[in-house]
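Notes to accompany the following structure.
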Amino acid sequence: MICEVIQPSLFLLIYLKTNMSDHKGKSGDLEAMRHSLAHIMATAVQQIWPKARFGVGPAVGDGFYYDIDLGEATISEEDFGKIEAAMRKVIKADQPFERSEMPIDEAIEWSEKAAQPYKTELLNDLKRAGTTAAGDLDPGELGTIAEGESKVDKVSFYRNGEFTDLCRGPHVASTGKVGAFKLMRVAGAYWRGDEKRPQMQRLYGVAFATEEDLDRHLKMLEEAKKRDHRRLGQELDLFTFSDLVGPGLPLYTPKGAVIIEELKNALKELGRDHDMQTVSIPHLAKLELYKTSGHAEKFEDELFRVKSHYDQEFVLKPVNCPHHTQIYAARPRSYRELPIRYVEQTMQYRDEKPGQIGGLQRTRGFTVDDGHTFCRVDQIEQEASVLVEIIRDFYKRLDLWGDHWVSLSVRDPATPDAYIGDPKDWDQAEKMLADVATEYKLGAKRMEGEAALYGPKIDFMFKDALGRETQLATIQLDFAMPKRFGLTYTDKDDKEVPPVMIHRAILGSFERFIMLLIEHTAGRFPIWLAPEQVRLITVNQEAATVDFAAGVLAKAKKLGLRAAVDNSNESVGKKIRAAELAKVPYTVVIGEKEIDSGEVTPRIRQDMAVQGDGRSLGVDEFLKTVAHEAKARVTKTSV
RNA sequence: GCCGGCGUAGCUCAGUGGUCAGAGCAGCUGUUUUGUAAACAGCGGGUCGUGGGUUCGACUCCCUCCGCCGGCUCCA
């Protein structure tokens with residue numbers, strides 16, 4: 001059973017690779033099934049709580065949900081058993097889904113009579129605008145709009161047994177044809193996504209065509225939990241949190257710090273290769289700075305305030321751009337010296353709401369590889385191109401490229417007033433970024449309304465073990481902040497012109513990046529990032545063995561390797577197991593054989609091992625090879 | 001922040017009103033001197049997250065706070 005540890009993770013990886021890419025191409029049948037299950041669940045809920053008021057209930061992701069308001073009562077997970085039982089009864093009854101249409105005014109009357117105020121609101125929106133506002137509904141809940149009409153005249157309903165629901169469909173033919181399902185969780189969800197509106201309970205289920213598919217999905221979730229970075233962070237002793245230090249403030253252990261340091265070094269090298277200049281700034285600044293930048297107003301609640309005894313009010317920096325502008329502003333600038341590329345790896349602080357904090361995904365203090373390029377408009381395209389290349393190469397090297405999607409975040413044309421800056425600048429900037437995205441075949445999705453206040457951006461989005469998306473690398477164009485700070489350079493016609501600012505990050509925050517790295521590799525880091533690269537295991541505790549191991553260790557350290565000796569009084573098998581669980585890339589057993597021959601037989605961590613491994617080689621040769629790989633920062637082994 | 005859930009040893013967990021508590025792993029000590037995924041034995045370790053309440057009696061029931069988890073909202 002050599003595969004007891006690795007097997008499930010490989011399974012998961014394959015599952016994720018096959019399922020994450022095709023989530024859009026979900027079969028219509030499955031979607032109809034899931035959507036039908038939402039109705040069946042609502043049927044069951046209505047039986048148990050007759051006063052239940054319903055919001056929306058679409059098929060989504062791997063299953064379905066329904067938003068429900070029970071008034072005084074609440075649904076908790078304890079209720080799942082009886083809800084599922086009631087659902088099974090409805091399924092067993094095999095009630096047909098019957099479609100009907102009625103004029104919208106009649107539908108409104110119906111919903112009022114049925115005491116379904118949320119449905120009434122939806123219907124009124126449909127009647128007034130022909131659609132419900134702002135994409136807050138998933139497909140399947142809208143009414144029918146007559147051809148060539150802008151407003152809805154008729155809406156469709158689906159009925160099964162006692163339960164009737166406003167719904168566009170489609171559904172399966174009858175409640176008996178819905179495959180396998182399981183209720184998963186209940187969560188709060190604001191009506192129409194608005195925190196000022198009532199909060200409903202969102203009841204989630206997963207559903208698949210067959211029991212086997214469902215089991216596979218549930219098994220996959222179990223495997224995903226095993227590679228959760230919070231769990232592995234503890235198991236591999238990478239970071240911790242302390243109630244005394246505070247939530248959202250990760251503490252990196254020596255092993256975790258190794259990964260950060262190695263990543264920092266890799267980025268520093270990239271910076272040197274691309275003429276970036278490292279700067280360094282203090283971690284707080286006068287509130288005034290952020291009033292000027294606009295952050296104080298827009299992100300008031302997220303600022304950590306620091307009071308001086310001498311009556312200045314300071315703020316822990318939530319971003320670095322304002323500081324960087326002041327370095328730029330320290331002396332007059334000529335068009336000749338642009339672009340100026342300031343970078344630094346530094347911690348920033350945001351007073352996140354308690355509910356947002358979790359693991360390394362969202363922390364209150366986090367280290368960013370932040371950078372700001374000041375350049376001319378005619379330099380934007382070149383600068384952005386180089387950044388795309390750097391980002392692509394960096395993620396490729398870590399085998400992360402491909403598990404992502406790219407957002408070309410542009411203005412929402414419906415709300416031009418929500419942005420600052422000259423629309424002509426915007427047009428140009430958006431076009432430049434789009435061109436770069438096309439040139440580098442990023443497959444970027446144009447996301448209207450996702451632009452920053454000050455400019456369009458390209459965001460690189462990745463998924464964690466459970467499929468939740470997170471932004472890492474980003475390239476943002478900014479015409480506004482230089483103007484707010486009155487930055488200029490002298491153009492060749494001797495005119496003072498504001499520069500363009502490009503905010504950029506390659507790995508985003510180290511916290512998030514490490515989260516992704518842990519979950520992607522399940523803690524099996526490439527050699528150059530592995531906190532411990534070589535472990536020497538002694539066969540016994542006799543002086544000759546221990547001394548020999550110490551000699552190898554010293555050589556390894558001299559070569560810059562991170563190595564350790566395990567000469568504890570345990571069996572070789574147990575020590576091997578410990579090394580494998582610690583995910584150490586190379587394990588070397590040292591005993592009489594090695595002492596006599598001067599050769600070792602490295603045991604290679606299972607994910608890196610290939611056919612033909614297991615040959616013996618001289619100690620020096622082995623160590624030099626590993627050291628070479630570590631230095632080259634490669635992800636695959638060749639020993 | 002909001003809704004729901006959870007909080008017993010370093011870790012994973014058992015123990016639902018009645019000797020203020022157990023197991024495995026980890027740790028320590030001893031025996032063993034071990035050859036590629038778990039040797040054997042012994043020992044130490046918990047004011048059952050915190051504060052309050054109910055009760056003759058609370059890890060067990062109720063409330064406050066702290067923290068964590070899943071969502072929602074937010075994400076410069």
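Throughout, protein chains are lettered first and strands after them, A, B, ... in sequence-line order, and every chain is numbered starting at 1.
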(request) Flag as yes if A/Tyr204 stacks onto the base of B/G71 (centroids under 5.5 Å, planes under 30°), otherwise no. (result) no
(message) Check this for me: does the side-chain of A/Arg197 come within 3.5 Å of the base of B/C72 through a donor and an acceptor?
(response) no
(request) Could you check which of B/C75, B/C72, B/A37 has an atom nearest any side-chain atom of A/Gln356? (result) B/C72
(message) Using a 4.0 Å heavy-atom cut-off, does A/Pro247 contact any base of the nucleic acid, only the sugar-phosphate backbone, or nothing at all?
(response) sugar-phosphate
(message) Does B/A37 have its OP1 or OP2 closer than 4.0 Å to a side-chain nitrogen or oxygen of A/Arg603?
(response) yes
(request) Give a yes/no answer on whether the side chain of A/Arg202 brings an N or O atom under 4.0 Å of OP1 or OP2 in B/C3. (result) no
(request) Report yes if a donor N or O on one partner sits less than 3.5 Å from an acceptor N or O on the other, where the partners are the side chain of A/Glu580 and the base of B/U36; otherwise report no. (result) no
(request) Give one of base, sugar-phosphate or nothing for A/Lys575, where a contact means two heavy atoms less than 4.0 Å apart. (result) nothing
(request) Between A/Gly359 and A/Gln541, just flag the one whose closest nucleotide in RNA chain B comes earlier from the 5' side. (result) A/Gln541
(request) Describe the nucleic acid contact of A/Gly508 in one word from base, sugar-phosphate, nothing, applying a heavy-atom distance below 4.0 Å. (result) nothing
(message) Both atom distances under 3.5 Å, Watson-Crick or G-U wobble: I'd like the secondary structure of RNA chain B as a dot-bracket string, with | for pairs made across strands.
(response) (((((((..((((....[...)))).(((((.......))))).....(.(((..]....))).))))))))....
(message) Both A/Gly591 and A/Pro318 contact RNA chain B. Which one's nearest nucleotide lies toward the 5' end?
(response) A/Gly591
(message) Regarding A/Ala189, tell me which of base, sugar-phosphate or nothing describes its non-hydrogen contacts under 4.0 Å with the strands shown.
(response) sugar-phosphate
(request) For the side chain of A/Arg577, starting at C-beta, report the closest nucleotide among B/G35, B/G71, B/A38. (result) B/A38
(request) Indicate the atoms forming the closest heavy-atom contact of A/Val245 with A/Leu251, along with that distance. (result) CG2-CD1, 4.0 Å
Mind listing the N/O atom pairs, protein and nucleotides 39-49 of chain B, below 3.5 Å?
from, atom 1, to, atom 2, distance (Å)
B/A39, OP1, A/Ser571, OG, 3.1
B/A39, OP2, A/Ser571, OG, 2.4

(message) If we count only N and O atoms by modelled type, under 3.5 Å, do the side chains of A/His283 and A/Thr346 hold a donor and an acceptor together?
(response) yes
(request) Measure from the side-chain heavy atoms of A/Asp243 and tell me the nearest of B/G67, B/U73, B/U33. (result) B/G67
(message) Classify the ring geometry of A/Phe54 against A/Tyr66: parallel below 30°, tilted from 30° to 60°, perpendicular beyond 60°.
(response) perpendicular
(request) Using distance alone, with no hydrogens and no angle criterion, decide if A/Lys457 and A/Ser407 have a side-chain donor and acceptor under 3.5 Å apart. (result) no
(request) Working to the nearest 0.5 Å, report the span between OG1 of A/Thr587 and CD of A/Glu532. (result) 8.0 Å
(request) Taking atom C1' in both B/G53 and B/U64, compute the distance separating them and give it to the nearest angstrom. (result) 10 Å
(message) Starting the side chain at C-beta, find the nucleotide from B/C72, B/G4, B/A76 nearest to A/Gln201.
(response) B/G4
(request) Classify the nucleic acid contact of A/Glu302 as base, sugar-phosphate or nothing, counting any heavy atom under 4.0 Å across all strands shown. (result) base
(message) Base, sugar-phosphate or nothing for A/Arg230? Non-hydrogen atoms, less than 4.0 Å.
(response) sugar-phosphate
(request) Might you point out which heavy atoms bring A/His404 and A/Phe460 nearest each other, and give the distance in Å? (result) CD2-CD2, 4.3 Å
(request) Kindly compute the distance separating CG (A/Asp459) from CD (A/Gln471), expressed to the nearest 0.5 Å. (result) 4.0 Å
(request) Answer with yes or no whether the side chains of A/Gln361 and A/His229 bring together a donor and an acceptor at under 3.5 Å. (result) no
(request) Would you indicate which nucleotide in B/C11, B/C74, B/C68 comes nearest to any side-chain atom of A/Arg362? (result) B/C74
(message) Please classify the nucleic acid contact of A/Thr587 as base, sugar-phosphate, or nothing, using heavy-atom distances under 4.0 Å.
(response) nothing
(request) State, without any angle test, whether A/Tyr252 and A/Glu511 hold a side-chain donor-acceptor pair at a distance under 3.5 Å. (result) yes
(message) From the set B/C75, B/A37, B/G35, return the single nucleotide nearest to any side-chain atom of A/Glu592.
(response) B/G35
(request) Mind checking A/Glu542 for me? I need base, sugar-phosphate or nothing, with any heavy atom below 4.0 Å counting as a touch. (result) sugar-phosphate
(request) Check every atom of B/G35, B/A76, B/A37 against the side chain of A/Gln476 and return the nucleotide holding the closest atom. (result) B/A76
(request) Compare the minimum distances between each of B/U73, B/A76, B/U33 and the side chain of A/Arg350, then state the nucleotide with the smallest one. (result) B/A76
(request) May I ask you to decide if A/Gly591's main-chain N or O and A/Glu594's side chain share a donor-acceptor pair within less than 3.5 Å? (result) yes
(request) Would you check if there is a donor-acceptor pair between the side chains of A/Glu570 and A/Ser568 at a distance under 3.5 Å? (result) no
(request) Determine: side-chain N/O of A/Arg468 to OP1/OP2 of B/G71, distance under 4.0 Å, yes or no. (result) yes
(request) Report yes if a donor N or O on one partner sits less than 3.5 Å from an acceptor N or O on the other, where the partners are the side chain of A/Glu594 and the base of B/G35; otherwise report no. (result) yes
